[in-house]
Structures are given as C-alpha cells and as structure tokens.
Amino acid sequence: MNKPDKLSGISSEVLSEIYDIRARLKRADFLYYVKDQPDISDADYDSMMRRLQELEAQYPQSISPDSPTQRVGIAPQSEFAEFEHRAPMLSLANAFAEEELRAFDDRCRRTLLLEPDESPQYVCEPKFDGLAVSLTYIDGMLSAGATRGDGYRGENITQNLRTVRSIPLDLKQNVKDIPSLIEVRGEIILTHDEFERINSERETTGEPTFANPRNAAAGSVRQLDARITASRRLTLFAYAVGACEGLEFANQYEVLCTLGDWGFKVNPDVRVCDSIDEVVGYVGEWGEKKDNLSYDVDGMVVKVNSFDLQTRLGFVARSPRWAIAYKFPSQQVRTQVNDIEVNVGRTGALTPVAILEPVLVGGVTVSRATLHNEDEIRRKDVRIGDTVVVQRAGEVIPEVVEVVKAERKGSEVEFVMPDHCPVCGADVVRESGEAVARCTGIACPAQIRETILHFASRAAMDIDGVGPALIDQLLNRQLIRDPADIYSLTVEDIEPLDRMARKSAEKAVNAITASKKVTLDRLIYALGIRHVGERTGAALAQRFGTLDALKAASVEEISKVPDVGPAVAASVAAFFSQPGNIDVIEKLRTAGIDPKVEARQESAIFAGKTIVFTGALQKMTRDQAQGMVFRLGGNPSSSVSGRTDLVLAGEKAGSKLDKAKSLGVPVVSEDEFLEMVSRAEDES
DNA sequence: CTGCCTCGAGTTCG
DNA sequence: CTCGAGGCAG
C-alpha cells in the first residue's frame, strides 16, 4: 500500500511518525466506536488528530484514503454517482406472527428433505431500524460505500461512509486471511442519544427536526456535504457479506465472528438456535427487550446458518428462501374517521379513502388511509364517525387496522359506494367477481388527468417538471386534452400560468423535447393500456418492434408474448380499436415520436448464445456490454453453467472465471470481446 | 382446478 | 406497501 516513489521528499522520521499516529488513532477509534471501551482521553485523541493533520498538510503526498483524517469529511459533491453492487442486496420476506415463523421452518425442512426430528441451525439477530449499506474492501482497504438502492444499484456515498467511525478504513490483519475483494453489508443507525442531540441542535438553529432516528440516519448519510455527515455520529453494524473473492465462509455465524475480528461492530445479541422453538422463544424475549435499548429495533432476522443449506434452499423472486424477517407489531394509535372520500384513478377505479383526524404515528402525522375497496370497508365495518386503530403498514403506509366498536355512539354513517362518478357523473359499475367499482365515463376528467400524469411520469416518458400542478392548470385552460397535446406546448403557453416563471417553463419544454427520444417499451407503458405495466410494455416492445406492428396485431398474435394471456391481449387490442387512442398515436408520430426496437440480428455472432460477464469492466458499463450482446442475438446471463457459451472476464474476475475454466467455457478479455463486436458490426 | 408467483394499480408523507 | 387478478406449472 506504500508507494515509495510518491513519498520521496519526506524524511523517514516524519513518515514513521505519521504511520505511528495513524495506527494509534485507528486503535482508539476501534476501542471507542466498536468496543465501547476507550483507552485514551478525548483530549489526547484530539491532539494526536491535530498533529496528524499538520503533518499531512505539510506533506500532502503522504495522505492516503485510509488515514483517520479522511473521516472528517471532504468538500461537497454535486450529486451521487450510481454504484452497482457486485452481488445484489436482497430484501427478506416478512413474518408478522409465530405461525409464519413456523411455516418458514416447515418450508425449509421440506425443501431440504429433513426428517421430522431434524432441524437446520438458525442464526437469530435483532434487526436494527436504519438503512442498509454495502462497503467494498479491496485487499483489505475500504474502497467504496453505497446505499442499498433497488438492491442492484445504489448511490455511491463513499465519502460519507468514511466519516463513520465504526467503519474500519482497513481490515485488521493477522486475524484471518484478508480476501482480495469483499462486500460487507451492514445497517447504519443513530442511537437515541445522538438522535436527541441532533434534533435539539436543529431546534435551536430553527431547522426542522427529524421524525425518527431512521429518517435522521438516512438524511445524514445522503448529505452531499460529507462534513455534515461527519458531525452526526452514525454507527454501523455489519451483518453479512456480499461478493467475496479469495475467502470462503461455511456459515452465517462464522461471517459475523470474522466481521467482528476484522474490526466491525456486530450485533451483540446474535444467537444460534437449534430449532424453530428456540427461535420463537428468542423472538418472544425480544418483544419486550427491544423498547429498553438505546437504538431502534424493528424485528428479528432469522437465517439458516449453513451456507451449504442456503445454497440448496435458493431464492424466490427477490428474496432468499433461507431467511425471514420477523417484524414486531407496529405502533398502533386510535383516531377518528371524519369522512370517507372517493378517488378516481387512471383506469376509472373508485377507491375509498378514510379522512382521519390527524394523529402522530411513529413520528409522522397521518391524516388519510386507503380503504382499498367496498369489500374491505364491509369486512372491517368502517363507518364515518368511527373510532379506529391505525398503524403504518411496514412502517410506511398508513392503514386502518380495526374499528373500536365499543366507542360507537349510533350516529356513525355507513359508507355507500356512489352509483355515479363523483367527478364526471357517469355510471359506476362493478363487474361480477371484481373487487373494484369503476367509472364508465369515456371522457371522465379525473381519468384523463391521471392518464396524462402517468404518461409524463418517471418510468414512462420521464418528463421532468411536468407534474400535477402544471397538468391541472393546462387542463383547466384547455391547453391540453390528451397526453399527445403536451408536444404542442410552447414556453409562451406555460409561462403565464400560476407559479411558472420563464425558467421553469423553459425547463418543462426542454424536458418535453428530450422525452421524444423514448424507447418503445416506455412509450407502450406510457399509453396507459389497462393491464400493461412496465414489464408487459417491455415484453410487447421486444416482440413487435414498433407501435404500428403492435397496433396491427391480432389478439392471437398478442397472446403469444410470454406472460401475456387472453385478458391482457384483449385489453391491448381494445385500446388500439378506440379512434381516440389512434388519434393520440398519430399526434405522437407527428411530434416525431415513433421509436423502434433495434432489430436483433438473428444470424449475428452471438445468436442463441448465452454470455456471462465477470469482473470489473474498464471500457464500458455492464449495461452497454449486455446491450451489445443482445443486439447481436445473444442472451446476457449472470451465472456460469454448462449452458454458458462465452465468458467475458474483466479486471479482478473471481469465482465465475474459475468455474468457466473448469467447465471448459471459452473466456475472452474485454478487448477481444470489443473486437468481436466491431467485426460483427462491420460485416452487417 | 388449484396453488403459486409476478405484475399492475392505487396510495402516504416529507 | 398492499391488494387483487392474470398467467402458468403441476
């Protein structure tokens, strides 16, 4: 890690002093922040830190990213870069009751074909309520830190995480071999004391206070100015390992012990249980303990200990079958139902919403809660004027749990689903067998508004600056009537509207113009065809290639698309048989919107081949590489097996490369791959 | 036909 | 996040 050539010009005495102070500060950090057993006074610590800062200021070439001085935070960034996790950060399935824990155990034992008296070992640990992050160490040095994001890509918050004292900047040597690359997963939290301190400080400066420690931790980590993060004393608890090269673990418990040895703070209350009964007992113990801690615990995580067994259990969708998160019952609060309103959605669905007397639930004011549909209201027997118990489902979305019948006075009013749309007055129908009631109005203003909003939304045409406020005004002034009209708007149309300065009008028009370059999958999704969401939009785009081809397709042809059945196909065909919709499509085309899916060259070099990428790519992103493979007829995949035809190995390729070699799968370098691609593109 | 599992649609608050 | 419903495997 030393680069002697860079360090020339510093005397060896100075260098050794720098290294010595760094080592002492790191040790002090570890004892203070990880072990909670400081060995030196704060004053001594501060004076060592100042001395190191002086030396580094004098010899800037000596500064390395693992120096404790780097924890104080560096200058503001403008925004966070995207960070791709090497191994995805999965979410866990939830359990809310003992029976669900037992069902989880049954499923594990059944899948593993265990005898009735056998049980896998489970590792059970309290689940902190904070935010998950991933730390990448290369050759034992902290090289990157990122938020969880969607599990596959998060934000690169390395500078902020460097300021967290319980995160080791380098892994402690001599304990266990340091892997060449490892992703350590952990939870960033704030203690109650620190949360109170930050809030009282914000109160005196007149800043808004945080609702709860979780929000405060999340807000602190996502600061663009790492110096602010440094001023909040965040804590990291490490609990898992993602990608790891050069070291194998046998089980979860070993991972936790090793993380502890390397200098991470790990959950002190981990327990290895030999049966589900023991797990249930331990979870029960914590139901009471959790409220007496100095930090928030919102549940218990239960994992199958052995990695062999984990591999055999595998995954369902986004979550592993070998772990489950038990959630403690959430905080429940009583309040009054002042009214029940009806919302009209994009598809005409009428959704009843309870208007509540505002109450604080888990630090957030709740004033509305969806009641989903008529059946749900009947089931819970919610009436206007009732006293109800509300909670925030999954700690986020408010939900009416039950009615407090004992509080009934007799003056409560039952809810009746209106038989005419509250917005346009058209008939409301509820198809037999369906739970939702729908407005049948073909020109219902509420439906049009929602359709346009959907069209402009992020996952659709992604027109930034065109939101509800602007769309409502445009509709009121009849400047637009359907989504396509957005493309005839000018700055002069928008500028005179309320809360619209020239700047925001220009921004909106620019975003509108930029959105013309959409891809076909997004455009199909944007049209708002019933039963066609993001996934189906992509599947249809892939199959038909252009909007015209989709428009011309018969129900039978549409049904051939994977995951599209009769209901979806009929809905798509019905959409294209409406003259109004054809009109919209024509207007879009006139505006220059008519994307095509780049044809897959079926005869191309990668036709029918499965190709896997491994290691860090230097000359392109993984997305770009996968796009090239796809256009040349191949199928990008993520794991090497006997069916893999080619492996592209980038820098620091690991186990996938080994596997490819052992299976005799051809391996190419990035340069060779690019050459193959460019040769193929020249020929076509 | 029945049980997954996945997807779509609607929703809350700061 | 939740619920409902569509698609598909067994």
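A note on names: the letters A, B, ... follow the listed sequences, proteins ahead of strands, and every chain is numbered from 1. When reading the values below, keep in mind they use all heavy atoms of this one structure, side chains included, and skip hydrogens, waters and symmetry mates.
- In this entry the distance linking CG of A:L371 with C1' of B:dT12 reads 13 Å, nearest Å.
- Annotation for A:P120 and A:V304: closest pair CB-CG1, 4.4 Å, computed over non-hydrogen atoms.
- Look at A:R346 and you'll find a side-chain N or O under 4.0 angstrom from OP1 or OP2 of B:dA9.
- In terms of position on DNA chain B, the residue among A:A349 and A:S367 whose nearest nucleotide sits closer to the 5' end is A:A349.
- Of the candidates C:dG6, B:dG10, B:dC13, C:dG6 carries the atom nearest the A:H531 side chain, counting heavy atoms from C-beta on.
- At most 12 heavy atoms of other shown residues, nucleotides or ligands fall within 6.0 angstrom of atom CG in A:D464.
- Listed candidates were B:dG14, C:dG7, B:dC13. Nearest to the side chain of A:A567 is C:dG7.
- Within the nucleic acid shown, A:V436 has no heavy atom closer than 4.0 Å to any nucleic acid atom.
- Comparing C:dC3, B:dT12, C:dA5 by their nearest atom to the side chain of A:R368 picks out B:dT12.
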For the pair A:K560 and A:E556, evaluate salt bridge (Lys or Arg N to Asp or Glu O under 4.0 Å) and give the outcome as yes or no after the intermediate values.
CA-CA 7 Å; A:K560 285 192 194 134; A:E556 291 71 39; over 6 Å; no
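- At the heavy-atom level, A:R438 lies nowhere under 4.0 Å from the strands shown.
- Closest contact between the side chain of A:N373 and the listed nucleotides C:dG7, C:dC3, B:dT11 involves C:dC3.
- Considering only side-chain atoms of A:R321, the nucleotide from B:dC5, C:dG6, B:dC7 that sits closest is B:dC5.
- Here the P atom of nucleotide B:dT6 and the CG atom of A:D563 are 10 Å apart, to the nearest Å.
- Comparing atom distances between the A:R530 side chain and each of B:dT11, B:dA9, C:dG6 picks out B:dA9 as nearest.
- Nearest nucleotide to the side chain of A:A435, out of C:dG6, B:dG14, C:dA5: C:dA5.
- In this structure, A:K405 places its NZ atom where more than 12 heavy-atom neighbours from other residues, nucleotides or ligands lie under 6.0 Å away.
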